[in-house]
Amino acid sequence: MHTTHREKPDAEAGGQPTPEGNHAAASLYDFMVVSNRLPVDRCAPEDSGCEDGWRRSPGGLVTALAPMMTKTDGAWVGWHGAPDETITPFSHGGMDLVPVQLSNDDVELYYEGFSNATLWPLYHDVIAPPEFHRTWWDSYRKVNRRFADAVVQHADHGATIWVQDYQLQLVPKMLREARPDLKIGFFNHIPFPPPEIFAQLPWRRAIIDGLLGADLVGFQRSSDAGNFMRSARRFLGASVKQQQVHVKGANGETTHIARAQAFPISIDVKQISELARKPEIIERAQQIRRDLGSPKTILLGVDRLDYTKGIRHRLKAYEELLADGKVTVEDAALIQVASPSRERVEQYRLLREEVEGTVGHINGTYDTMQNTAVRYLHHSYPVEEMVALYLAADVMLVTALRDGMNLVAKEYVTARTNNDGALVLSEFAGAADQLKQALVMNPHDIDGLKDTIMRAVDMQPAEASRRMRSMRKQILDHDVDLWSADFLAALKEKVVRDDS
Ligand code: G6P
């Protein structure tokens, strides 16, 4: 994709020195991505993966968007992860970054509160109870305004702005009001709940109204787009025709047409495939197997430590398989990578205690001097180590109770360049819509999950290869570049106005 940016007249060329020693201040951009997090996060030298004060931000959103942004001339607007630290625009990893500051209060009320203790559980099937607090909502509005202002300040006339995810749902409308010249897209990386659940939100109308400020609202699954449209109809009385809403201004005139559609996100296939073929990564995978005592089967789970991921269900099923003698610690090892996430939010603290208690219980019961049942790693790892883990794993376990997409599933399949290995995949992850040859199951059904894990462990090479080939083809044909190109092409499309 080709975009341009030009120097902004009169603006001061600020910007503090960056790891690369250059500045990206005072520019006007004709393409901007806006997300709560920038692709890099402030860190301390002792943090793992920290280089020159920065490390890669957690989560699927950054995994998906970073490859596109390194290939454009656009800018990325977002928070840099350090409360109360002001940083001026800078460049990093080939991307122009425009930091938005959050105070300690903003982090507590807007980020940990409204985003991650109200919206996150509400949008994920209320797996944890959402909390509704008016102070959190006030902060959400205020911070959304700050992100919108940052865009307004840096966007060239007629620029395309692509707003990302549930933390910024009010930004599209704020942008349209301030800058009707902009083309505005929005993509929701997480599920959108059915109206019956969305109804609980005291501010449901404002959220729908905020999103309808966009020309195009993208979702992971067509069911998410359908849920959104049903909510627009039910809570705003919008008339929805063929996935389009004619959005009305204050005087009842149509200001624009907002469309909603599914665009399933993907990964940087080239990066993962190339890493998977590197001799040193293949060697590292063999080393991992040796370090575990060369078991016949390595099972792997890789998740942010989040209650949506079904880690407890996975551990329960695995513990029962050990108890039933279907797997033994000599023959099998489960590696669970749980990367730290949202650690000050109550539900995440409780989850960590529970998961770590369960792992301790399983290992205490089944470990021997030589073998460990569950190798639990509460860390984040660089992509090279992740690919080595994918190569080492005979069985990948993705047991999410609800997940927008789950890019780990797609990364695992992409790394299996020999077409071996088995993917156990929850039907509640968006990836199940595309990876139909995975062993798809319902993680709430513990017996079903146990049977599926055993099918994966015992799968014959011919069947594994047939399934993996078909899944690999799907992902190789639909990588993340195609995802962004499809979304941006749809955003550009002229919408035919049907006022009848
Ligand atoms: C998910 C969300 C992202 C979020 C990421 C990490 O992938 O869709 O918006 O950035 O999790 O969560 P965090 O709260 O650390 O940003």
Side-chain angles (χ1 to χ4, degrees), residues 33-43 47 49 54-66 69 76-83 97 99-100 102 106-125 127-128 136 140 143-144 147 162-169 171 186-193 211 218-221 224 263-267 302-309 311 337-349 351-352 378-380 386 398 400-411 429-431 480 483:
V33 156
V34 194
S35 65
N36 175 57
R37 269 190 197 282
L38 283 175
V40 282
D41 228 8
R42 261 290 187 225
C43 56
D47 297 340
W54 296 100
R55 71 171 165 202
R56 191 187 172 85
S57 300
L61 183 152
V62 165
T63 306
L65 286 164
M69 289 308 284
W76 192 327
V77 178
W79 178 44
H80 48 78
L97 307 180
V100 173
L102 297 187
D106 298 331
V107 172
E108 192 183 323
L109 305 174
Y110 147 79
Y111 169 70
E112 292 166 352
F114 200 78
S115 297
N116 290 319
T118 304
L119 293 173
W120 183 269
L122 186 75
Y123 283 30
H124 286 90
D125 284 1
I127 297 166
W136 293 2
Y140 185 80
V143 174
N144 270 241
F147 276 83
W162 195 2
V163 185
Q164 311 288 327
D165 230 357
Y166 63 102
Q167 303 94 340
L168 301 176
Q169 294 173 100
V171 172
F186 180 92
F187 188 79
N188 203 48
H189 291 252
I190 68 172
F192 197 89
L211 290 171
F219 295 93
Q220 301 281 24
R221 304 179 100 160
D224 298 320
F263 296 88
I265 205 165
S266 191
I267 56 157
V302 174
D303 312 85
R304 273 185 314 99
L305 188 44
D306 194 297
Y307 50 80
T308 58
K309 303 292 183 181
I311 300 171
V337 176
S339 49
S341 188
R342 306 175 190 164
E343 295 190 287
R344 300 196 321 180
V345 179
E346 174 73 3
Q347 291 291 338
Y348 289 76
R349 269 207 295 262
L351 175 73
R352 182 170 176 193
H378 186 241
H379 300 293
S380 351
M386 293 316 306
V398 177
L401 306 179
R402 180 56 75 191
D403 208 335
M405 175 54 63
N406 197 291
L407 294 182
V408 163
K410 293 192 173 181
E411 286 182 346
V480 74
W483 168 77

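Counting starts at 1 for both ligands and their atoms, following the listed order. These figures come from a predicted structure and were not determined experimentally.
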(request) Could you list the residues that satisfy side chain to side chain contact (heavy atoms under 4.5 Å, CB included) with R349, not counting sequence neighbours? (result) E346

(message) Just to verify, what does E108 make a side chain to side chain contact (heavy atoms under 4.5 Å, CB included) with, not counting sequence neighbours?
(response) E112

(message) Tell me whether R56 is salt-bridged to D41, with the criterion being a basic N under 4.0 Å from an acidic carboxylate O.
(response) no

(message) What does the 4.0 Å heavy-atom contact list look like for ligand 1?
(response) R37, P58, G59, G60, L61, Y111, N116, D165, Y166, Q167, H189, I190, R304, R342

(message) S115: which residues meet the side chain to side chain contact (heavy atoms under 4.5 Å, CB included) condition with it, sequence neighbours left out?
(response) Y110, Y140, Y166, Q167

(message) Using the ring centroid of each side chain, check whether F263 and F219 are separated by less than 6.0 Å.
(response) no

(request) Report yes if the distance between the aromatic ring centroids of F187 and W483 is under 6.0 Å, otherwise no. (result) yes

